[in-house]
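Below you'll find the structure, written out as structure tokens, and then a few comments.
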2 protein chains.
Amino acid sequence: MKKRPVTSQQVAELAGVSQSAVSRCFSPKASIAPKTKAKVLAAAKQLGYRPNAIARSLITRSSRTIAVVMSQLDNPFYAQMLEYASRRFQQHGYHLLLFMSSDEQETTSVMSDILQSQADGILMLAATLSSSLAKECVARGIPVVMINRTVAFEGVSQVASDNYHGGYWVGCHLVESGCERIAFLAGLADSSTSSQRRQGFLDALAEHGAACWAEAIGDYDFATAQAATRALFSRDVYPDAVFAANDHMAIAVIDTLKAELGLQVPQDVAVVGFDNIPVAAWPSYQLTTVQQPIEAMVDEATALLLGQIASGQVTGERKVLPVTPIVRASAVSGT
Amino acid sequence: MKKRPVTSQQVAELAGVSQSAVSRCFSPKASIAPKTKAKVLAAAKQLGYRPNAIARSLITRSSRTIAVVMSQLDNPFYAQMLEYASRRFQQHGYHLLLFMSSDEQETTSVMSDILQSQADGILMLAATLSSSLAKECVARGIPVVMINRTVAFEGVSQVASDNYHGGYWVGCHLVESGCERIAFLAGLADSSTSSQRRQGFLDALAEHGAACWAEAIGDYDFATAQAATRALFSRDVYPDAVFAANDHMAIAVIDTLKAELGLQVPQDVAVVGFDNIPVAAWPSYQLTTVQQPIEAMVDEATALLLGQIASGQVTGERKVLPVTPIVRASAVSGT
DNA sequence: CTGTTAGCGCCTTCAA
DNA sequence: TTGAAGGCGCTAACAG
């Protein structure tokens with residue numbers, strides 16, 4: 001059966017001091033005589049005492065907890081982000097409460113749980129928030145940082161990589177490589193990442209006097225991207241280059257081209273992705289892509305959250321971090 | 001600045017009832033007159049009241065939180081598990097507190113945080129616990145369930161797939177396919193998963209009058225597995241089959257064989273993995289493997305944790321779930 | 001530096 | 001069914 005945990009009161013009795021003396025021994029900044037501290041720690045060890053973080057939170061009004069809302073963990077890009085974020089916050093004495101939410105409706109119910117959980121801050125990884133919910137967080141003074149997603153509301157902070165210039169680079173690279181029938185495979189229709197990458201890409205083509213030859217939607221999903229690829233290549237004249245809005249889909253494109261359509265990459269079709277997930281570097285793919293600075297993005301988000309928590313001010317800041325083109329075999333210059 | 005949240009006291013005043021009446025409106029099983037409840041809910045909505053879960057936990061002594069300890073999130077197999085587990089617990093009104101821990105030493109410090117967090121249960125995904133720590137959890141009545149890892153201590157529950165028979169099947173399959181120089185690529189040396197798979201595999205070979213031709217260690221890591229592959233194939237006579245202890249490494253083997261060594265799979269070398277991660281099904285790999293029942297494993301772990309939390313009894317149970325061979329092109333019968 | 005005294009926001013007996 | 005009262009385990013003034 002569940003035993004009642006040891007309390008600071010019991011430690012105090014054993015050590016022959018007051019309960020608050022025990023409390024002070026476990027608060028970094030409290031002043032306590034070394035001698036009493038030793039007595040208390042001895043008693044605590046003997047009883048197996050651990051401070052109750054719940055009780056502490058109640059009075060300090062700080063749970064030292066960050067709620068993380070994610071939409072997909074099957075994309076290694078976001079899995080990496082989560083792992084790094086967890087370690088980062090752990091370093092600062094914060095813990096992550098994980099919530100999965102696929103759509104905005106689910107997010108609403110999840111946010112209710114988050115608000116009750118008294119999380120000190122909210123980190124959204126590729127998940128969106130309705131503006132009414134965002135408003136409530138701001139009203140309550142809970143900082144929210146969104147990574148790679150945009151919300152039309154003042155007060156929530158946003159961290160993103162420079163999707164526009166990433167897309168722009170891809171456009172330039174493909175045109176300069178001599179490609180003439182360039183297709184774009186979009187991610188989720190309503191995601192800012194996909195539309196910004198697309199816009200930069202289209203602008204680059206336009207500046208070179210070129211245009212996008214075909215477009216399709218892959219929803220950032222493997223199977224959907226495969227279907228889209230089949231559609232794009234179903235006619236006699238097909239694209240000689242595909243820019244997929246992320247690596248996950250680019251891999252799907254390459255596999256479909258090679259295995260189903262008997263086409264070579266990059267000889268027949270050049271393929272470019274976005275993210276630079278580990279798979280992109282594998283010998284079988286050698287995917288040319290645009291690297292997002294995962295760690296820098298998380299560092300920025302961490303700083304934003306912790307800063308706002310410390311100051312008690314929620315400020316809707318926007319950070320855009322530079323991306324890095326990675327040229328591999330799937331789309332080389334001069335193909 | 002951070003506003004003080006609305007309390008049940010304030011709601012009570014606005015509704016003209018006592019604070020305990022408000023409390024009862026937010027407890028499912030409490031009895032309350034419909035009329036009062038309506039008044040209270042109206043007042044609560046007007047003020048934007050949300051019950052404070054921290055305060056509730058303090059008195060109910062239940063945080064409705066499960067601590068999850070993971071070692072690697074870059075292996076999609078465990079990312080999938082985490083996602084599914086999160087949704088599963090969410091359904092039951094529990095939330096996950098995420099902790100990353102690479103080695104047993106780090107686990108020790110992480111466990112200290114977990115114990116303080118008052119988590120109602122602990123789920124370990126491919127992470128190990130020292131027996132002293134396990135002992136402490138049991139002593140405190142906190143149920144622990146480990147997935148795919150073993151600990152030499154009574155009291156913690158364990159869920160695993162049938163690694164032995166999975167390995168056994170692989171051994172049979174490769175011998176029956178006519179392979180004669182079969183190599184094994186181990187995962188982490190001290191992991192039960194790797195050693196059980198190996199044992200089943202060796203037993204199968206022995207029963208067929210065969211033996212393992214070579215062994216190497218890949219630590220469940222991509223780069224290490226690549227290096228191991230180079231070593232295995234550095235001599236004139238090299239293996240005609242490789243059984244990698246998981247898919248992640250099997251993919252590394254295939255890539256290294258194809259890209260660096262100019263060998264064909266399965267014509268020159270048959271390759272088999274373990275897990276059946278999504279990548280295994282991709283056209284470029286078509287990896288023959290042994291599928292672990294992810295959802296069944298998590299369901300089992302969930303049931304064990306919630307059952308023990310409900311009963312207040314921690315019982316060290318062991319569940320072994322059946323695996324499913326998946327034959328794809330990387331190692332077919334009669335090669 | 002130490003003990004005493006109030007609560008943090010809520011649940012839960014106990015009477016009414 | 002409802003209100004009043006007493007904590008849950010701890011931190012944070014305040015005196016001493």
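We name chains A, B, ... by the order of the sequence lines, and we start the count at 1 in each one.
Fit an axis to the five pairs at each end of the helix from C:dC1-D:dG16 to C:dA16-D:dT1 and the two axes sit 30° apart, to the nearest 10 degrees.
Within the nucleic acid shown, A:Ile32 comes within 4.0 Å of sugar-phosphate atoms alone, with no base atom in reach, counting heavy atoms only. Residue contacts for B:Val22: at a heavy-atom cut-off of 4.0 Å it reaches no nucleic acid atom on any strand shown.
Rounded to an integer number of Å, the gap from CD of A:Gln118 to C1' of C:dC8 is 11 Å. Rounding to whole angstrom units, CD1 of residue A:Ile54 and P of D:dG7 are separated by 21 Å. The separation between B:Phe26 atom CZ and C:dC10 atom P is 9 Å, rounded to whole Å. The distance between atom CZ of B:Arg64 and atom C1' of C:dC10, rounded to the nearest whole Å, is 16 Å. As a whole-Å value, the separation of A:Lys29 NZ from D:dA13 C1' is 13 Å. Taking atom CD of A:Glu13 as the reference point, atom P of C:dG3 lies 13 Å away to the nearest angstrom. Atom CG in A:Leu58 sits about 13 Å away from atom P in D:dC8, given to the nearest Å. If you measure from atom CD1 of A:Ile59 to atom C1' of D:dC8, you get 12 Å, rounded to the nearest angstrom.
Here the side chain of A:Ser157 pairs no donor or acceptor atom with the backbone of A:Val145 at under 3.5 angstrom. In this structure a side-chain-to-backbone donor-acceptor pair under 3.5 Å is present from B:Arg64 to B:His92. Counting only distance, with no hydrogens or angles, the side chain of A:Ser112 and the backbone of A:Thr108 share no donor-acceptor pair below 3.5 Å. With A:Glu83 contributing its side chain and B:Leu73 its backbone, the two residues share a donor-acceptor pair below 3.5 Å.
For the OP1/OP2 pair of D:dT1 and a distance below 4.0 Å, the side-chain nitrogens and oxygens of B:Ser31 include at least one atom meeting the criterion. Side-chain nitrogen and oxygen atoms of B:Ser8 include at least one within less than 4.0 Å of the OP1 or OP2 phosphate oxygen of C:dC10. Phosphate proximity of D:dG9 to B:Arg61: present, with a side-chain N or O under 4.0 Å from OP1 or OP2. An OP1 or OP2 oxygen of C:dT4 is reached within less than 4.0 angstrom by no side-chain nitrogen or oxygen of A:Ser18. Residue A:Arg56 has no polar side-chain atom (N or O) positioned under 4.0 Å from OP1 or OP2 of D:dC10. Here A:Ser23 does not reach the OP1 or OP2 of D:dC10: none of its side-chain N or O atoms lies under 4.0 Å away.
The base of C:dC11 is paired with the side chain of B:Gln19 by a donor and an acceptor separated by under 3.5 Å. Scanning atom types as modelled, one donor and one acceptor separated by under 3.5 angstrom connect the side chain of B:Arg24 and the base of D:dG3. Residue-to-nucleotide contacts include a donor-acceptor pair under 3.5 Å from the side chain of A:Ser20 to the base of C:dT4.
By the ring-ring contact (aromatic ring centres under 6.0 Å, His included) test, A:Phe77 is found to be paired with no residue, residues two or more places apart in sequence or in another chain being considered.
Of the candidates C:dG7, D:dG9, C:dT2, the closest approach to any side-chain atom of A:Ala33 belongs to C:dT2.
Remark: B:Leu41 CG to B:Phe26 CZ distance equals 5.5 Å, nearest 0.5 Å. Remark: B:Cys137 SG to B:Ile122 CD1 distance equals 4.0 Å, nearest 0.5 Å.
Between the side chains of B:Gln90 and B:Arg87, no donor-acceptor pair of N or O atoms lies under 3.5 Å.
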**Request:** For the pair A:Glu317 and A:Thr315, evaluate side chain to side chain donor-acceptor pair (under 3.5 Å) and give the outcome as yes or no after the intermediate values.
**Result:** CA-CA 6 Å; A:Glu317 299 184 41; A:Thr315 56; 3.1 Å; yes
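Proximity of residues 34-52 of chain B to DNA chain D (heavy atom under 4.0 angstrom from any strand atom) is restricted to B:Thr36.
Within 6.0 Å of CD on A:Gln105 lie no more than 12 heavy atoms contributed by other residues, nucleotides or ligands.
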